[in-house]
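What follows is one structure encoded as structure tokens, with my remarks underneath.
Both ligands and their constituent atoms are indexed starting at 1 by order of listing. Being a predicted model, the structure only gives us computed values, none of them experimental.
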Amino acid sequence: MSETIFSKIIDREIPADIIYEDDLCLAFKDVNPQAPTHFLVIPKKPIPKLSDAEQGDKALLGHLLLVAGQVAGEQGLEDFRLNVNNGAGASQTVFHLHVHVLGGRPFSWPPG
Ligand code: AMP
């Protein structure tokens with residue numbers, strides 16, 4: 001997979017407001033927040049998009065969701081929304097899998 005802005009954040013080549021890190025993943029504040037709280041959870045493994053994940057990534061994908069919920073709580077969120085854009089047609093712009101976590105305002109359904 002080619003280098004992305006997120007792999008540069010993992011490698012500390014560019015700065016980010018990192019709020020969680022473990023051996024498998026990283027969470028950092030989105031630079032262009034769409035809600036009062038908006039952070040991203042990314043695997044350190046460079047999976048371009050969700051549909052590229054494989055059976056062997058099952059535990060990693062579960063870990064990303066658990067971390068998203070845990071860090072949301074640490075950020076003071078009780079209600080929050082998770083979003084994963086898969087592919088350019090779904091508004092994915094950075095091709096390194098990431099879970100958006102948004103909170104601090106009401107969310108409508110269905111999403112736009
Ligand atoms: P997506 O459209 O799902 O690919 O989301 C990519 C997200 O990455 C967007 O919400 C951007 O605001 C965010 N983003 C891009 N560059 C950075 C960066 N250097 N630090 C933090 N967030 C970023």
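Salt bridge absent: Asp11 and Lys8 never bring a charged side-chain N and a carboxylate O closer than 4.0 Å. Look at Glu54 and Lys45 and you find no salt bridge, because none of the NZ, NE, NH1 or NH2 atoms lies under 4.0 Å from a carboxylate O.
Listed by chain and number, the hydrophobic cluster partners of Phe107 are Leu102, where partners are ILVMFWY side chains within reach of under 4.5 Å, directly or through others.
Two residues are said to be in side-chain contact when any heavy atoms from C-beta on lie closer than 4.5 Å; His63 and Asp22 meet this criterion.
Residues lining ligand 1 at a heavy-atom distance below 4.0 Å are given as Ile5, Phe6, Ile9, Phe28, Lys29, Asp30, Val31, Asn32, Leu40, Asn85, Ser91, Gln92, Thr93, Val94, His98, His100, ordered by chain and residue number.
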Which side-chain N or O atoms in residues 66-83 pair as donor and acceptor under 3.5 Å with protein atoms at least two apart or in another chain?
from  : atom 1 : to     : atom 2 : distance (Å)
Gln70 : NE2    : Glu74  : OE2    : 3.0
Arg81 : NH1    : Ser108 : O      : 3.0
Arg81 : NH2    : Ser108 : O      : 2.9
Asn83 : ND2    : Asn85  : OD1    : 2.7

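The stretch residues 19-40 participates, sequence neighbours left out, in these ring-ring contact (aromatic ring centres under 6.0 Å, His included) pairs: Phe6-Phe28, His38-His100.
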